[in-house]
Number of protein chains: 2
Amino acid sequence: MAKGKFDSVSDPVSPLPRYLEIQRDLQARIASGQWVPGSRVPAEHELQAQYHCSRMTVNKALSALAKAGLIIRRRRSGSFVAMPRSQETILNIQDIKAEILAKGKVYRFEILTRQERAMTTDDALQLRVTPGGRVLALSVRHFANEHPFVVEDRLMNLAIVPAAREEPFLVSPPGTWLLDVVPWTNAEHVIQAELADQRIATLLGIPKKSACLAIERRTWQGDATITWVRLTYPGDRHQLTSHFRPGGPLIP
Amino acid sequence: MAKGKFDSVSDPVSPLPRYLEIQRDLQARIASGQWVPGSRVPAEHELQAQYHCSRMTVNKALSALAKAGLIIRRRRSGSFVAMPRSQETILNIQDIKAEILAKGKVYRFEILTRQERAMTTDDALQLRVTPGGRVLALSVRHFANEHPFVVEDRLMNLAIVPAAREEPFLVSPPGTWLLDVVPWTNAEHVIQAELADQRIATLLGIPKKSACLAIERRTWQGDATITWVRLTYPGDRHQLTSHFRPGGPLIP
DNA sequence: CTGATTAATTTGTCTATACATAATAGTCAA
DNA sequence: TTGACTATTATGTATAGACAAATTAATCAG
């Protein structure tokens with residue numbers, strides 16, 4: 001009897017979809033340790049009977065759990081609770097403007113230097129491309145509540161982003177502008193600790209040789225590097241924070 | 001006619017499931033810029049006609065794209081290509097043992113100090129719990145190819161992990177042991193740059209006041225803090241790297 | 001006992017249909 | 001013109017059934 005969704009609903013109000021109910025229920029059993037890693041999850045037809053729903057609904061819940069890495073599924077064998085995963089985390093490296101505004105602080109930036117030039121060997125190395133073409137080199141200082149927040153050194157590949165040549169960066173800083181204008185397909189981050197040199201110390205208003213957090217980012221569009229950027233934060237004032245729960249993106 | 005899956009297959013071999021084919025096709029159109037952000041994605045019944053399949057199959061593809069954040073779906077309005085997202089990244093902070101072994105280096109660790117004690121005020125602060133109960137405080141030094149790699153300072157909440165009291169940590173270091181034994185539901189990371197004090201400098205074999213990368217992690221099981229750990233790496237030798245593509249977990 | 005074949009089981013994918021839900025567009029009366 | 005009601009449309013959820021694919025279990029010939 002292929003009727004509506006409320007065939008088997010005793011509860012008059014159902015705020016949560018059936019498949020999510022099942023998903024969370026199973027997740028709770030795994031998280032609580034009731035189902036230990038390696039143990040077998042009931043087969044779809046068993047759960048179908050338990051939850052009194054169709055196999056597709058159970059399948060949707062189980063597939064989501066599998067995608068989240070909480071269970072491993074194999075044909076004929078069945079589904080099993082996944083082994084504890086290595087400690088991974090999802091880090092949110094936000095756009096600087098958004099980051100400062102999110103903290104409820106006043107945002108401002110200034111372009112320190114701006115130079116359009118033929119790509120040097122160093123530029124090519126940092127962009128990881130074969131030399132040739134032109135780049136736009138920028139230095140930017142970002143302020144939060146008028147306090148120096150981070151220094152940005154950026155190279156933009158004008159072969160990919162020719163529009164940058166004409167852009168004065170009056171409203172949005174280069175990073176935010178790029179995000180709005182150019183679609184990117186790939187990014188790489190490198191996070192490092194290092195000592196402030198004279199320039200950084202002056203720009204950030206911190207003592208020379210104090211600890212800094214440096215984040216380098218390369219952004220690609222297909223095979224072509226769009227931009228390389230290095231963000232230098234005062235180490236004692238800035239920190240990257242992230243929260244994570246296993247099977248994280250499960251509960252939206 | 002509810003027949004098999006090959007009702008409408010002209011291609012004799014179909015290595016990829018239909019819904020993935022559709023998903024990737026749509027994703028390619030978005031990535032290539034053919035469909036610009038904000039533009040409308042054809043409705044399910046249109047795609048159903050285009051790809052000559054059922055609406056459920058199209059729905060599966062579109063739902064996945066929506067979950068990955070590539071499109072936004074609204075009832076009655078339709079589906080739209082999402083606006084460029086803020087630069088987020090997924091960072092892999094691995095288990096130390098796994099991290100070193102992954103680099104093909106020889107792993108070794110030594111317990112520097114070990115103390116079981118009643119929870120001090122500082123301990124409670126760092127574990128973010130109300131004082132009371134006992135903790136196990138550990139200092140560990142990890143080596144990669146016999147070179148000091150990282151110093152670990154850890155507090156373990158014995159109320160949650162009583163088994164740690166009896167554990168000698170001969171085979172696995174505390175972090176790896178915990179991952180194997182205790183299920184966790186939540187974690188928080190804080191990444192900071194700071195200067196090496198005398199102790200860290202000595203333990204890591206680096207000059208005092210050189211830059212260090214400090215990663216602090218709190219791990220919870222429900223509301224209870226399991227452990228707090230601080231990992232101090234030499235800043236010039238260690239770096240966190242991560243790759244990311246928008247709509248990342250799409251292509252498994 | 002071994003190796004190949006066959007059966008059974010479980011997940012993976014797909015279809016066709018049905019009704020729910022949300023939001024827009026249109027209609028009509030005050 | 002405004003506000004309430006109604007129709008329309010697109011997505012969201014759910015069902016029952018079907019066949020595919022993979023892998024384990026059982027069977028049987030040698």
Side-chain angles (χ1 to χ4, degrees), chain A residues 1-24 26 39-82 252, chain B residues 1-24 26 39-82 252:
Chain A
M1 30 83 174
K3 297 287 178 49
K5 77 189 259 200
F6 292 115
D7 274 12
S8 54
V9 169
S10 50
D11 189 5
V13 283
S14 64
L16 222 64
R18 203 92 181 80
Y19 77 94
L20 267 184
E21 248 178 61
I22 298 172
Q23 189 178 314
R24 296 199 181 182
L26 299 179
S39 67
R40 188 190 185 122
V41 176
E44 293 190 353
H45 70 267
E46 294 180 64
L47 293 172
Q48 169 188 352
Q50 274 183 40
Y51 289 102
H52 198 49
C53 65
S54 81
R55 188 169 81 92
M56 278 299 288
T57 305
V58 169
N59 181 280
K60 194 167 181 179
L62 288 176
S63 297
L65 289 174
K67 197 173 175 184
L70 278 182
I71 62 174
I72 307 287
R73 313 195 75 195
R74 269 179 322 197
R75 280 174 174 153
R76 171 66 174 116
S77 307
S79 305
F80 301 88
V81 177
Chain B
M1 33 93 173
K3 298 284 177 50
K5 77 189 259 199
F6 291 116
D7 274 11
S8 53
V9 169
S10 51
D11 189 5
V13 283
S14 65
L16 222 63
R18 205 91 180 79
Y19 76 94
L20 267 184
E21 248 178 62
I22 299 171
Q23 189 178 314
R24 297 200 179 182
L26 299 179
S39 67
R40 189 190 185 120
V41 175
E44 293 190 352
H45 69 267
E46 294 180 65
L47 293 172
Q48 169 187 352
Q50 276 183 39
Y51 290 103
H52 199 52
C53 66
S54 82
R55 189 169 80 89
M56 278 302 288
T57 305
V58 170
N59 182 280
K60 194 166 182 179
L62 288 177
S63 297
L65 289 173
K67 198 173 174 185
L70 279 182
I71 63 174
I72 307 288
R73 314 196 74 194
R74 269 179 321 197
R75 280 171 175 158
R76 172 64 173 118
S77 307
S79 304
F80 301 88
V81 177

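Reckoned from all heavy atoms, side chains included, excluding hydrogens, waters and symmetry mates. Here is the naming used below: chain letters follow the sequence lines, and residue numbers restart at 1 for every chain.
One interatomic measurement links the two molecules: CD of B:Gln23 to C1' of C:dT13, which rounds to 14 Å at whole-angstrom precision. Put simply, OH on A:Tyr51 is 18 Å from C1' on D:dT13, counting in whole angstrom units. One interatomic measurement links the two molecules: OH of A:Tyr19 to C1' of C:dA20, which rounds to 14 Å at whole-angstrom precision. Between B:Glu21 atom CD and C:dT13 atom P the separation is 13 Å, expressed in whole Å. Rounded to an integer number of Å, the gap from A:Lys60 NZ to C:dC14 C1' is 15 Å. Counting to the nearest Å, the C1' atom of C:dG12 and the CG atom of B:Leu20 are 11 Å from each other. One can place CD1 of A:Ile72 at 14 Å from P of D:dT23, the figure rounded to the nearest angstrom. Following rounding to the nearest Å, B:Met56 (CE) and C:dA18 (P) show an atom-to-atom distance of 15 Å.
When atom types are taken as modelled, the side chain of B:Arg18 and the backbone of B:Ser54 share no donor-acceptor pair closer than 3.5 angstrom.
Heavy-atom minimum distance, B:Arg73 versus B:Ser79: NE-OG, 3.0 Å. Across all non-hydrogen atoms, the minimal contact from A:Gln23 to A:Ala64 is OE1-CB, 3.4 Å. Across all their heavy atoms, B:Leu62 and B:Ile71 have their closest contact at O-CD1, 3.6 Å. The minimum heavy-atom distance between A:Ile22 and A:Ala61, with the atom names listed, is CG2-CB, 4.0 Å.
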Protein within reach of the bases, or only the backbone? For nucleotides 6-11 of chain C, mark each nucleotide 5' to 3' as B, S or -, using heavy atoms under 4.0 Å. --BBBB

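The CD atom of B:Glu44 sits 10.5 Å away from atom OG1 of B:Thr57, with the distance rounded to the nearest 0.5 Å.
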